[in-house]
Protein chains: 2
Amino acid sequence: MNDRKKWEPKPTINDVARLAGVSKKTVSRVINRSPLLNEGTREKVTGVIAALGYVPNPQARALALRRNFLIGLIFDNPNAQTVLNVQLGVLDAIRDTEFELVIRPVDRHSPDLLDGIRAFIEMQRPYGVIMLPPVSENDAVAALCRELDCNYVRMGSAALDAAPHLVQSNDRQAVDHAIGHLAAMGHRRIGFIAGPEGFRSALEREAGFNDAVARLGLDSGPDIRARGNYTFETGHVAGSRLLDAAPRPTAIFSSNDEMAAGVLHAARERGIAVPDDLSIIGFDDAPIAAHIWPPLSTVRWPIAAMARAAALKLVDPADAQAGPSLFMSDLIERASVGTTRG
Amino acid sequence: MNDRKKWEPKPTINDVARLAGVSKKTVSRVINRSPLLNEGTREKVTGVIAALGYVPNPQARALALRRNFLIGLIFDNPNAQTVLNVQLGVLDAIRDTEFELVIRPVDRHSPDLLDGIRAFIEMQRPYGVIMLPPVSENDAVAALCRELDCNYVRMGSAALDAAPHLVQSNDRQAVDHAIGHLAAMGHRRIGFIAGPEGFRSALEREAGFNDAVARLGLDSGPDIRARGNYTFETGHVAGSRLLDAAPRPTAIFSSNDEMAAGVLHAARERGIAVPDDLSIIGFDDAPIAAHIWPPLSTVRWPIAAMARAAALKLVDPADAQAGPSLFMSDLIERASVGTTRG
DNA sequence: TTGTAGGCGTTATCAT
DNA sequence: ATGATAACGCCTACAA
């Protein structure tokens with residue numbers, strides 16, 4: 001495919017123009033798919049490009065266009081698997097294109113969050129940025145992108161933005177459905193571990209729980225509610241509190257899998273058998289869900305597919321206009337859920 | 001810090017030159033820290049740069065230098081936490097510089113692995129690339145980097161390359177020490193789960209086990225050896241095999257934490273108590289190690305620090321000459337190891 | 001120590 | 001539909 005030897009310089013647009021007997025600008029038009037081009041000319045140029053193995057130089061394009069072919073991924077999500085899945089999803093969408101993915105972890109609590117993002121965008125002039133929750137829920141960041149004239153897509157679990165800037169999952173409905181599943185197994189007293197305040201996903205998942213409780217007339221009250229921050233440790237603490245209450249819930253829904261693993265940990269410490277004495281459902285379908293014992297029933301969050309869609313929205317203008325992108329989460333049934341007994 | 005309004009164009013080197021009353025070239029010399037510069041001139045220019053908030057345009061620099069300010073991270077490691085830790089380590093090293101991190105997952109078994117990397121380097125002309133194991137162990141990729149005149153650093157668990165191109169951990173010695181710890185707790189029959197063939201890290205860790213067995217005269221033979229590919233599932237299978245042997249090992253060392261979690265799973269299925277009836281040690285100190293029950297003793301692999309060092313080697317020429325970078329792994333003691341009984 | 005002229009490889013403007 | 005010329009913002013070679 002590439003039989004040049006070391007350091008023979010790569011062909012430039014000038015070489016193509018000369019060999020094709022046209023001007024640089026015409027070659028440029030071919031590269032950029034200009035509509036006003038004689039078909040014969042186009043084919044001739046295309047042929048020379050192929051023969052030479054010519055590839056336009058992204059740096060030069062970036063300078064002339066004042067816009068880089070970089071997709072920035074802005075995230076502050078603490079979950080490694082989520083972040084990696086998103087990266088792979090984005091890369092899948094831009095495979096074999098001139099685009100590259102650059103990584104920008106941020107701290108959404110830092111006072112210079114906005115300054116950092118501004119510096120990045122002004123300096124690198126990325127083609128666009130994709131934002132992961134929870135930082136994607138920050139409207140100030142989106143406003144900054146608009147101010148800087150930088151294209152962006154936000155991933156989230158609610159209607160955060162207009163359709164061209166949004167890829168959304170339906171967490172609320174998915175949790176409602178999961179709780180319904182527990183109720184169908186006979187559970188009436190179902191504990192709920194919310195995610196951290198300030199996470200929209202946490203809010204949506206809690207809303208789904210509330211919907212189900214109201215709809216099905218399940219037990220309610222402060223004893224069945226706790227909150228964590230999506231980490232194993234906080235899940236452990238929250239689970240301990242719920243399990244030490246009397247009467248104890250027969251099932252617990254955790255707003256993510258890491259915390260659910262913490263609940264399992266708490267149950268084991270107390271000699272509570274899962275699923276015999278306690279059913280648990282998590283959220284995300286992270287790898288840990290399948291790896292703990294017993295394997296955890298969970299709501300699959302199609303984050304990689306969402307990321308792929310977000311990248312396509314950024315890169316393909318037609319795709320951006322194609323309307324809202326809503327991704328459905330579904331329940332994965334494993335071994336951590338059983339019927340109530342007693 | 002930045003009080004310009006929307007779309008006032010950013011200052012260029014020309015603006016700086018004009019206001020400072022010098023030529024572009026002089027400004028350029030200031031930017032690039034040229035030694036032959038009158039101190040007064042330098043200060044004057046620096047002052048104007050600060051006053052204007054001037055930042056050199058990376059795209060223009062890339063075009064002129066024929067080299068981008070991108071660090072490529074080439075990896076095919078399946079472990080999300082490892083990959084993310086490496087990313088954060090690299091980003092920590094290049095924070096507040098003009099460098100950016102771009103992500104290149106690859107498939108080391110793909111026939112066009114080299115073509116893909118060649119295309120990336122020729123097209124993007126990154127400042128340098130960092131390679132994670134196991135793809136870092138592929139000498140053909142390193143040779144390609146040299147051929148393309150692209151700086152690179154390999155991360156690995158053995159002396160894969162010359163010092164300027166290598167950041168190394170001492171897996172062999174660390175495993176030897178961990179096995180020694182088990183022996184000190186009275187274990188004589190210690191099972192070993194190797195990593196996948198073709199991983200240098202797997203080879204090194206196995207060598208460390210062999211060293212310890214020979215040194216301490218521990219039990220040996222095929223019944224105490226199994227192999228997995230660093231995933232939970234293969235750890236489960238390998239652990240099952242070891243635990244079904246007679247006599248059964250009183251301790252198992254797994255070449256990574258994921259597989260160790262699989263061993264724990266296998267033990268639980270058989271009613272074997274950990275650590276009472278079986279001690280387990282893993283490798284990596286991945287988050288899962290602290291999250292499973294009982295918390296897993298493991299060898300910490302300082303991968304983020306290694307990544308940081310790799311990035312510094314790439315970015316700072318002085319650092320690259322500073323000699324070999326060897327990182328020590330140490331044993332983290334948690335609750336999965338106990339003394340033998342019976 | 002500093003400046004001038006020209007080039008890096010592409011796209012934009014405005015002709016023709 | 002195509003081309004000449006001038007950007008884009010910086011750096012290198014050479015000159016002063």
Side-chain angles (χ1 to χ4, degrees), chain A residues 7-46 48-49 52-70 98-99 122-127 149, chain B residues 7-46 48-49 52-70 98-99 122-127 149:
Chain A
W7 268 151
E8 188 171 332
K10 299 195 66 178
T12 75
I13 198 172
N14 291 304
D15 302 322
V16 177
R18 185 162 31 74
L19 265 71
V22 298
S23 75
K24 306 194 321 183
K25 182 65 217 184
T26 300
V27 179
S28 176
R29 288 197 176 94
V30 172
I31 295 169
N32 295 288
R33 298 184 166 63
S34 163
L36 17 71
L37 252 182
N38 186 321
E39 190 53 39
T41 317
R42 154 170 283 126
E43 282 171 11
K44 184 172 53 180
V45 173
T46 311
V48 174
I49 288 177
L52 244 45
Y54 165 72
V55 178
N57 177 311
Q59 287 82 27
R61 302 238 285 162
L63 180 57
L65 290 169
R66 289 198 200 73
R67 159 166 290 207
N68 228 321
F69 289 90
L70 263 28
E98 61 205 320
F99 291 98
E122 286 189 335
M123 191 158 164
Q124 297 298 335
R125 300 228 141 273
Y127 193 89
D149 198 30
Chain B
W7 269 151
E8 187 171 332
K10 299 195 66 178
T12 76
I13 198 173
N14 292 302
D15 301 324
V16 177
R18 185 164 29 77
L19 265 71
V22 298
S23 75
K24 305 198 314 188
K25 181 62 223 185
T26 300
V27 179
S28 174
R29 288 199 176 91
V30 173
I31 296 170
N32 295 288
R33 298 182 166 65
S34 164
L36 18 70
L37 252 181
N38 186 319
E39 190 53 39
T41 317
R42 154 169 284 127
E43 281 171 13
K44 183 171 55 179
V45 173
T46 310
V48 175
I49 286 178
L52 243 45
Y54 165 73
V55 178
N57 178 310
Q59 288 80 36
R61 301 235 296 159
L63 181 58
L65 290 169
R66 289 193 199 73
R67 161 166 287 206
N68 228 321
F69 289 90
L70 300 176
E98 60 204 320
F99 291 98
E122 287 190 333
M123 192 157 163
Q124 297 298 334
R125 299 227 141 275
Y127 194 88
D149 197 30

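Nothing here was measured: the structure is a model prediction, and the numbers come from that model. No hydrogens, no waters, no symmetry mates; every other heavy atom, side chains included, goes into these values. So you know, we letter chains A, B, ... as the sequences are listed, proteins then strands, and number each from 1.
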- Assert: residue with more 5' nearest nucleotide on DNA chain C, out of R66(B) and K25(B), is K25(B)
- Query: Do V22(B) and V27(B) come close enough that some side-chain heavy atom pair is under 4.5 Å?
  - Reply: yes
- To the nearest Å, give me how far apart CZ (R67(A)) and P (dG9(D)) are. 15 Å
- Query: Quick one: is N32(B) getting a side-chain N or O under 4.0 Å of the dC11(D) phosphate, OP1 or OP2?
  - Reply: yes
- Task: Let me know, please, whether P35(A) or P56(B) comes out on the 5' side of the other along DNA chain D by nearest nucleotide.
- Result: P35(A)
- Query: Phosphate oxygens OP1/OP2 of dC8(D): is one of them under 4.0 Å from a side-chain N or O of N57(B)?
  - Reply: no
- Tell me which nucleotide among dC10(D), dT10(C), dT2(C) gets nearest to the side chain of A64(B). dC10(D)
- Note on the structure: Of dT10(C), dC10(D), dT2(C), the nucleotide closest to the side chain of T41(B) is dT2(C)
- Message: Can you tell me if T12(B) touches the phosphate of dG9(D), counting only side-chain N or O atoms and a distance under 4.0 Å to OP1 or OP2?
- Response: no
- Task: Could you check which of dC10(D), dT1(C), dG3(C) has an atom nearest any side-chain atom of N38(B)?
- Result: dT1(C)
- Query: Reckon S28(B) has a side-chain N or O less than 4.0 Å from the OP1 or OP2 of dC11(D)?
  - Reply: yes
- Message: By nearest heavy atom, map K24(A) and L37(A) onto DNA chain D; which one lands nearer the 5' end?
- Response: L37(A)
- Side chain of L63(A) - closest among dG9(D), dG3(D), dG3(C): dG9(D)
- Separation of R42(A) atom CZ from dA1(D) atom P, in whole Å? 11 Å
- Parallel, tilted or perpendicular for Y127(B) and F69(B), by the 30°/60° rule? parallel
- Between T12(A) and D15(A), is any pair of side-chain heavy atoms under 4.5 Å apart? yes
- Could you walk me through whether R61(A) and N32(A) pass the side chain to side chain donor-acceptor pair (under 3.5 Å) check? CA-CA 11 Å; R61(A) 302 238 285 162; N32(A) 295 288; 2.9 Å; yes
- Message: Just the rounded figure in Å: distance from C1' of dT10(C) to CZ of R125(A).
- Response: 18 Å
- Task: Looking only at side-chain atoms of A60(B), point me to the closest of dC11(D), dG9(D), dT11(C).
- Result: dG9(D)
- Length of the line joining R61(A):CZ and dG9(D):P, which is rounded to integer Å: 18 Å
- Hey, are the side chains of I31(A) and I13(A) touching, using non-hydrogen atoms and a 4.5 Å cut-off? yes
- How long is the line joining CE of M123(A) and P of dC8(D), in whole Å? 20 Å
- Could you pick out which residue, G21(B) or P58(A), lies toward the 5' side of DNA chain C when each is mapped onto its nearest nucleotide? G21(B)
- Message: Classify V27(B) by what it touches in the nucleic acid, base, sugar-phosphate, or nothing, heavy-atom distance under 4.0 Å.
- Response: nothing
- Integer-rounded Å distance: dG9(C) P and L65(A) CG: 16 Å
- Query: Can you check the F69(A) CZ to dT11(C) C1' distance for me, whole Å?
  - Reply: 11 Å
- Query: Under 4.0 Å between a side-chain N/O of S23(B) and OP1 or OP2 of dT2(C), yes or no?
  - Reply: no
- Assign I13(A) to base, sugar-phosphate, or nothing according to its heavy-atom contacts below 4.0 angstrom with the strands shown. base
- Message: In the structure I gave you, are the side-chain heavy atoms of L19(B) and L52(B) within less than 4.5 Å of one another anywhere?
- Response: yes
- Query: What integer distance in Å separates R33(B):CZ from dC11(D):C1'?
  - Reply: 16 Å
